[in-house]
Number of protein chains: 2
Amino acid sequence: MTSRDQAAVTLAQVAEAAGVGESTVSRVLRNHGSYSGKTRDRVMTAVERLGYVPNRIAGTLASAGSRLVAFVIPSLSNIVFADVLRGAGATLEENQYQAVFAVTDYDPAREEALVASMLAWRPAAVMLAGYEHTERTINMLRAANCRVVEMLDVDGTALDLAVGFSNRAAGRASAEFLLKRGYRRIGYVGHDLDRDTRAAKRYSSFCETLSANDVPLADREIYREASSVERGRLGLDSLLARTSDLDAVYFSNDDMALGGYFHCLARGIVIPSQLAIFGYNGLDLGRVMPQALSTIRTPRVATGQMAAKLIMDNAPSQVIDLGFELIEGATA
Amino acid sequence: MTSRDQAAVTLAQVAEAAGVGESTVSRVLRNHGSYSGKTRDRVMTAVERLGYVPNRIAGTLASAGSRLVAFVIPSLSNIVFADVLRGAGATLEENQYQAVFAVTDYDPAREEALVASMLAWRPAAVMLAGYEHTERTINMLRAANCRVVEMLDVDGTALDLAVGFSNRAAGRASAEFLLKRGYRRIGYVGHDLDRDTRAAKRYSSFCETLSANDVPLADREIYREASSVERGRLGLDSLLARTSDLDAVYFSNDDMALGGYFHCLARGIVIPSQLAIFGYNGLDLGRVMPQALSTIRTPRVATGQMAAKLIMDNAPSQVIDLGFELIEGATA
DNA sequence: AGTTTTTTTGGCAGCGCTACCATTTTATGG
DNA sequence: CCATAAAATGGTAGCGCTGCCAAAAAAACT
């Protein structure tokens with residue numbers, strides 16, 4: 001029943017039907033410039049009757065500035081980026097902007113290709129995760145006539161705008177917290193550090209802080225795959241099999257930590273007296289666990305909101321650190 | 001450092017620089033039509049030198065058919081839709097299509113507005129969740145010159161293409177499973193049925209199946225908000241406070257079920273002997289819980305893949321039921 | 001060498017809209 | 001009532017590309 005290949009109604013047809021000029025229809029529809037009430041009614045009636053849907057492709061081409069915002073994000077499975085998108089979504093929509101997105105799977109080469117493909121849509125802005133990009137990606141973005149927002153990190157040099165928080169500071173805060181609580185045999189279970197450079201920053205900062213306090217990291221289990229609850233559980237299992245006297249484990253994120261928590265439950269390991277668990281992200285579910293998860297809550301939605309707001313406001317280049325919050329919880 | 005407001009390089013400039021005609025550049029860049037190797041090299045050199053990025057806005061306008069695919073989904077927080085997007089993403093990308101999306105928050109009126117706004121981009125296809133749309137949404141989609149895919153449901157009449165599975169069958173299977181296991185005092189904890197019509201279908205089918213077996217639903221706790229782990233935990237708490245002799249609880253999804261599971265852990269309720277728990281979705285984390293979650297695994301990624309494939313293949317209107325899998329688990 | 005066929009190429013008219021400018025109509029004021 | 005300002009309207013040149021067609025160049029045959 002869907003009617004394909006029928007020519008869509010054009011603005012010219014609406015103008016014809018309403019007995020006015022094309023530019024008048026355009027003005028009425030965009031509520032831009034002046035027109036009389038009577039004209040507006042005639043135009044709107046014609047629009048209604050013909051079922052006219054403006055063609056933004058044409059509109060964008062004619063008016064230069066596009067209202068597309070391109071998101072090039074590492075993953076959709078990771079709730080972090082879904083939250084960022086959610087935060088940005090509302091603001092963009094209010095301003096009649098449209099979000100376009102592509103997923104890099106944490107691969108810089110794919111990011112490069114996707115940025116190139118995104119720029120072909122002449123977006124008003126490109127939103128990326130973090131500061132680590134290939135040289136060509138950076139060159140393309142510099143050459144492009146659009147804003148760039150690097151999100152979820154502030155440790156480095158921004159191309160244009162940056163919104164997020166310090167992953168290094170997060171790693172340090174986590175280490176300091178565990179040290180303050182008296183843990184001395186600390187392990188780490190994490191996912192692919194090569195690709196997730198923000199996780200790598202947290203990890204290295206965590207280790208440095210421990211070392212600076214003469215408590216070197218006791219052991220670690222790092223998977224090359226993406227993070228998951230399952231990896232967290234397997235990782236803790238392997239880690240403890242090798243180094244059984246750990247008193248605390250730092251996970252690369254809450255998903256991994258939940259896996260570790262499940263492992264402890266299954267093996268009867270008492271938390272936190274036998275083993276402390278510390279995560280990262282501050283997912284909602286951490287609050288609801290039988291023992292609230294000790295973790296760091298990151299401003300994911302706020303990052304998206306701020307990123308969108310900066311673009312809408314055409315703010316000057318700057319770096320905005322939204323900080324994070326350490327949640328003491330009951331698992332560490 | 002980002003250079004804004006500089007005119008972008010155009011195809012005409014490349015043609016000029018390469019000393020060839022515009023259409024020749026166009027042919028080379030799209031690898032469409034014929035051209036000599038020498039010409040290709042000259043064009044590519046000029047492209048490289050000038051840093052030319054094709055303008056797809058213009059290209060789309062000139063060639064009619066757009067390579068945008070619009071996703072109008074209820075939520076990004078719900079992993080279900082992220083999975084669908086992920087599934088579709090790869091296929092779309094291979095075919096040089098671009099995903100555009102907007103989030104309805106399960107609100108049909110918002111869906112209507114967003115579909116209207118999406119159609120303005122003249123997408124090749126619009127991907128929606130389920131069959132329940134406002135009349136105006138349906139009219140717009142019928143009138144639009146594009147394909148429509150309704151995803152994650154097959155209980156109803158499709159507008160054009162539909163890919164998913166039967167939520168009614170899923171509800172029935174869940175009920176039959178619990179009955180087969182001998183549970184007779186069965187409760188339900190769910191989220192907003194008014195908005196999530198697929199959850200509503202599962203619920204009503206679940207109840208009907210119970211009734212048909214003379215085991216009416218013992219009690220239920222339904223929240224008007226979105227589903228979450230927290231709501232699941234609170235919901236089970238309320239439900240048990242009111243009806244303490246339940247022997248099984250059906251949750252509207254795995255998140256809610258995980259909340260219920262946490263509640264049992266916290267209260268020392270033994271699963272499944274004291275209380276059985278059954279979810280819906282088959283999230284990965286269910287497999288890793290100390291006791292594997294009994295649930296129904298839905299083909300979320302496959303739905304996205306199939307939806308994209310149908311569009312790429314320009315398949316005729318049809319409904320594709322990908323089925324689901326009941327995971328017996330250890331919690332029911 | 002002269003044809004015929006095939007491959008390559010360039011020119012240019014749109015795609016549907018907006019921006020700009022010119023014109024007409026209406027309102028304002030003395 | 002006419003001059004002047006203000007509001008409303010229409011015409012049209014692009015935006016940057018693609019599709020079509022005709023022309024030119026190269027290749028393949030007599």
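Numbered from 1 within each chain, the chains take letters A, B, ... in sequence-line order.
Within the structure, ring-ring contact (aromatic ring centres under 6.0 Å, His included) contacts touching residues 79-117 of chain A (residues at least two apart or in different chains) are A/Phe101-B/Phe101. Listed by first then second residue, pairs satisfying side-chain hydrogen bond (donor to acceptor under 3.5 Å, both in side chains) with a partner in residues 85-95 of chain A read A/Asp83-A/Arg86, A/Arg86-B/Ser77, A/Glu93-B/Arg110, not counting sequence neighbours. Under the side-chain hydrogen bond (donor to acceptor under 3.5 Å, both in side chains) criterion, no residue pair touches residues 40-69 of chain A, with sequence neighbours excluded.
Within residues 48-63 of chain B, the residues having any heavy atom closer than 4.0 Å to DNA chain C are, in order of number, B/Leu61, B/Ala62. In the region residues 117-126 of chain A, proximity to DNA chain D at under 4.0 angstrom, judged on heavy atoms, holds for none of the residues.
Proximity of a side-chain donor or acceptor of A/Asp196 to a complementary backbone N or O of A/Arg198 within less than 3.5 Å is detected. Here the side chain of B/Asn145 pairs no donor or acceptor atom with the backbone of A/Ala8 at under 3.5 angstrom. Side chain of B/His32 to main chain of B/Leu29: no donor-acceptor pair is present (N/O by atom type, distance under 3.5 Å, no hydrogens or angles). Under a 3.5 Å cut-off, the side chain of B/Glu150 and the backbone N or O of B/Leu159 do form a donor-acceptor pair.
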In 5'-to-3' order, the base (B), backbone-only (S) or no-contact (-) status of each nucleotide in nucleotides 24-29 of chain C, using a 4.0 angstrom heavy-atom cut-off, is ------
In 5'-to-3' order, the base (B), backbone-only (S) or no-contact (-) status of each nucleotide in nucleotides 4-10 of chain C, using a 4.0 angstrom heavy-atom cut-off, is ---SBBB
| task | Verify side-chain contact (heavy atoms from CB on, under 4.5 Å) between A/Thr39 and A/Arg27, making sure each step is shown before the conclusion. | result | CA-CA 11 Å; A/Thr39 305; A/Arg27 271 187 299 260; over 6 Å; no
Full working for side-chain contact (heavy atoms from CB on, under 4.5 Å) between A/Gln98 and A/Leu92: CA-CA 7 Å; A/Gln98 186 60 64; A/Leu92 292 181; over 6 Å; no
Run the numbers on B/Met306 and B/Met151 for side-chain contact (heavy atoms from CB on, under 4.5 Å), then give the verdict.
CA-CA 10 Å; B/Met306 178 61 77; B/Met151 303 183 297; over 6 Å; no
Checking B/Thr197 against B/Asp153 for the side-chain contact (heavy atoms from CB on, under 4.5 Å) test, could you report, in this order, the C-alpha distance in whole Å, the side-chain angles of both residues, the deciding distance, and whether it holds?
CA-CA 10 Å; B/Thr197 56; B/Asp153 200 356; 5.6 Å; no
Symbol by symbol from the 5' end, with Watson-Crick or G-U pairs under 3.5 Å, [ ] crossing and | another strand, DNA chain D is ||||||||||||||||||||||||||||||
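Ionic pairing of A/Arg147 and A/Asp160 is present here: one or more N-O contacts between side-chain nitrogen and carboxylate oxygen are shorter than 4.0 angstrom.
Take B/Gln318 and apply the side-chain contact (heavy atoms from CB on, under 4.5 Å) test, not counting sequence neighbours, and it matches B/Leu161, B/Leu310, B/Ala315, B/Pro316, B/Ile320. With sequence neighbours left out, the side-chain contact (heavy atoms from CB on, under 4.5 Å) criterion links B/Val80 to B/Asn78, B/Leu152, B/Asn281, B/Arg300. Residues passing the side-chain contact (heavy atoms from CB on, under 4.5 Å) test with B/Val53 are A/Leu119, A/Ala120, A/Arg122, sequence neighbours excluded.
Rounded to an integer number of Å, the gap from A/Leu29 CG to C/dG16 P is 16 Å.
Once you apply a 4.0 Å limit to the heavy atoms of chain B, the touched nucleotides of DNA chain D run 5' to 3' over D/dG16 to D/dG19.
A side-chain donor from one of B/Thr134 and B/Glu112 sits under 3.5 Å from a side-chain acceptor of the other.
Within 6.0 Å of atom CD in B/Glu16, 12 or fewer heavy atoms from other residues, nucleotides or ligands are found, so the atom counts as exposed in its surroundings.
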